[in-house]
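Heads up, the thing below is written out as structure tokens.
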Amino acid sequence: MTLTAPAPIEGGPAQPGVLTNPVVPGFHPDPSVCRVDGTYYLACSTFEFLPGIPLFRSDDLVTWTPVGHVVTRAEQLDVRDVPTAGGAWAPTIRHHDGRFHVVVTDAMGRGNLLFTADDPAGEWSDGTVVEGIDGIDPDLAWDADGTCYLTYSGLLLGEAAEGGVRHLGIQQVRFDVATGRALEEPRSLWSGTGGIFPEAPHLYEVDGTWYLLVAEGGTERGHAVSIARGPTPEGPFEDCPANPLLTARGTDRPVQNTGHADLFQTPDGGWAMVLLGVRPRGMVRSFSPMGRETFATRLRWEDGWPVVEPVELGPQRPPVRVVDDFDGTGLDLPWVSVRRPATEFSTLTARPGWLVLHGDGSTMDDPRPVFVGRRQQHEVTEVTAVVDASAGVGGLSVRIDEDNHVDLEIDGDVVRARAVLARVAQTWQVPAPAGPVTLRLETVPPAEGFSLRAITCDLVRLSVDTPTGRVDVAEVDGRGMTAETAGSFTGRVVGVYATTGTVAVDRISYQGQDRDR
Ligand code: 6LW
């Protein structure tokens, strides 16, 4: 299958009517969902990437189509100087009084921000800084009288934490959406069952009872979802005796780190939740290349409490091939850049049919590389780029962050592979063929069985096409490029870059396929 960009959720549904996990594959953590007139809208965190906070739409909870981004302008959320893993954290999307609201943390930036739009495809507002609270993971809920409650996790970062980490538990204020101001001093609410980092609160009224859903246990293997209920949005809240409602900790379940959930009603009148999870691979199932992805599972109500089904993987989507020939005048939805918009250093009009990148001396080691990429969404992938580097240096790269990336670049008469894992670099090189060159980056499964070679999640293979055939340049252990090792909250993004001069890219092809388990 060949799709020309803009691409929908690649591969499409596996089976109509069946929740397909991951719901949104690739680095898409901290999902939040709202339903408006039978259509669902889903938002995720993007950290230092731009455009920020992607939105997806679905009518059937099976096919999710990208509709745009909340953050498309620097004045909304400026990630230019944000530390790695700062930026856009944990949006909550809600629809109230005919408007879409997204409230999100600008971590290590302006604090918490409220954006509104009439149409989720944009334009979104410039963003109002929330005043009167300090913390992360804000949620919005309105009671029947129209009073708005902002509930959040009292995790203090930076100066407020006096250099360390301070946590005040789950907190709440009554909130004025029009001005962005808290209408009272923060109050402490129920904060989970005692797990580390109570966070991601969401508040719902179901049949006259208020439910406070939280994540706890940290976003790694201990992650869990717990719930409490009370007579009012302010509580008092009583624990669900079956807490945690959902966790994969200590199990052999294929989706781990499950937590950070948001509840919604399904079209058939049932209930479900979206949540984040990872797909750890390798002999000891320890390494997750795609980072935290969005999953979903159904739940039912018993004695006034939700009972959540375990998160299953699949049914598998068909293999995918997405080709971008750069024939348009603007970059399409899958493409993202790091800390600055791609328009700052690239153009599609200077050489029609080519993406032209203007190197400025920064490399993939720098926080603001001249790089345009898309998320790695499948376990087994092959990405090729046809690159003309006759006037510059650049090529193909897969990165988690500036400290962890694997590059394949053309530099004059050599093709050089460079692996930087935890800032330790190694290079390999072969002679470069003449003319525009096809560079290839593959992620492939490791050896099977019980051996040291089987411990990694995958291998990253780099090769170049020459007139006499494909030449392998390097093979790198992929386990240095995972959620567990890089620790950046994000996942792999693969794309093209320039370091110096001008590098032109004729086409990029992405092929992807998942393995069974
Ligand atoms: C997010 C917090 C978390 O704000 O990690 O998984 C932070 N949980 O809820 C960044 O994703």
Side-chain angles (χ1 to χ4, degrees), residues 22 24 26-33 42-49 52-54 70-71 77 79 82-93 102-113 130 133-140 150-158 160-161 165-171 191-192 195-203 212-226 244 246-249 255-262 273-278 288 290-295 311 375 400-401 483-484 486-491:
V24 189
F27 131 59
H28 290 103
D30 307 332
S32 173
V33 158
L42 184 146
C44 301
S45 300
T46 40
F47 307 91
E48 64 269 29
F49 286 84
I53 315 177
V70 174
V71 177
L77 197 153
V79 289
V82 81
T84 300
W89 284 19
T92 294
I93 184 164
V102 165
V103 63
V104 64
T105 305
D106 173 6
M108 294 163 250
R110 289 200 291 165
N112 291 283
L113 303 172
V130 174
I133 69 160
D134 195 356
I136 65 165
D137 296 5
D139 170 78
L140 293 178
L150 192 150
T151 309
Y152 61 99
S153 168
L155 175 68
L156 307 183
L157 301 165
V165 174
R166 277 180 67 206
H167 207 304
L168 306 178
I170 303 297
Q171 303 207 299
S191 297
I196 192 172
F197 296 133
E199 59 194 12
H202 290 302
L203 194 62
L212 176 59
L213 189 77
V214 305
E216 56 178 323
T219 193
E220 295 81 19
R221 292 292 189 272
H223 217 190
V225 180
S226 296
L246 177 77
T247 186
R249 60 171 82 126
V255 185
Q256 292 285 323
N257 303 18
T258 47
H260 202 122
D262 198 6
M273 56 165 61
V274 285
L275 62 141
L276 73 78
V278 297
S288 311
M290 269 78 72
R292 301 178 304 163
E293 307 173 275
T294 290
F295 295 83
V311 182
R375 291 160 175 87
I400 287 208
D401 55 32
E484 289 78 7
S488 305
F489 286 153
T490 57

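Heads up: numbering here begins at 1 and tracks the sequence. Start at 1 and go down the list; that is how both ligands and their atoms are numbered.
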Could you please spell out the steps behind the side chain to side chain contact (heavy atoms under 4.5 Å, CB included) verdict for Phe49 and Thr490? CA-CA 9 Å; Phe49 286 84; Thr490 57; 4.0 Å; yes
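- Taking both residues in full, the closest heavy atoms of Arg292 and Thr219 are given as NH1-OG1, 2.7 Å, listed atom of the first, atom of the second, then distance.
- Protein heavy atom in closest approach to atom 4 (O) of ligand 1: Asp137 OD1, 2.5 Å.
- Partners of Thr294 under the side chain to side chain donor-acceptor pair (under 3.5 Å) rule, at least two apart in sequence or in another chain, do not exist in this structure.
- Judged as a side chain to side chain donor-acceptor pair (under 3.5 Å), and not counting sequence neighbours, Glu48 has no contacts.
- Here the heavy atom of the protein found nearest to atom 7 (C) of ligand 1 is Trp89 CE3, 3.9 Å.
- In terms of polar-atom proximity, defined here as any N/O pair under 3.5 Å, His260 does make such a contact with ligand 1.
- Atom 6 (O) of ligand 1 has as its closest protein heavy atom Thr219 OG1, 2.8 Å.
- In the model, His260 has a side-chain atom that pairs as donor or acceptor with a side-chain atom of Asp30 under 3.5 Å.
- Residue contacts with ligand 1 for Leu276 involve side-chain atoms from C-beta outward but no N, CA, C or O (heavy atoms, distance under 4.0 Å).
- Scanning the protein heavy atoms around atom 8 (N) of ligand 1, the nearest turns out to be Glu199 OE2, 2.9 Å.
- One distance of note links CG of Leu276 with CZ of Phe27; it measures 12.0 Å at 0.5 Å rounding.
- Here is the list of ligand 1 atoms found below 4.0 Å of a heavy atom in Asp30: 1 (C), 6 (O), 8 (N), 10 (C), 11 (O).
- With ligand atoms numbered from 1 in the order given, ligand 1 contributes 10 (C), 11 (O) to contacts under 4.0 Å with heavy atoms of Phe47.
- Between the side chains of Asp401 and Ser488, a donor-acceptor pair is found at a separation under 3.5 Å.
- Looking only at protein heavy atoms, the nearest one to atom 5 (O) of ligand 1 is Arg292 NH1, 3.5 Å.
- Note on ligand 1: Phe197 sits outside its first shell, no heavy atom being nearer than 4.0 Å.
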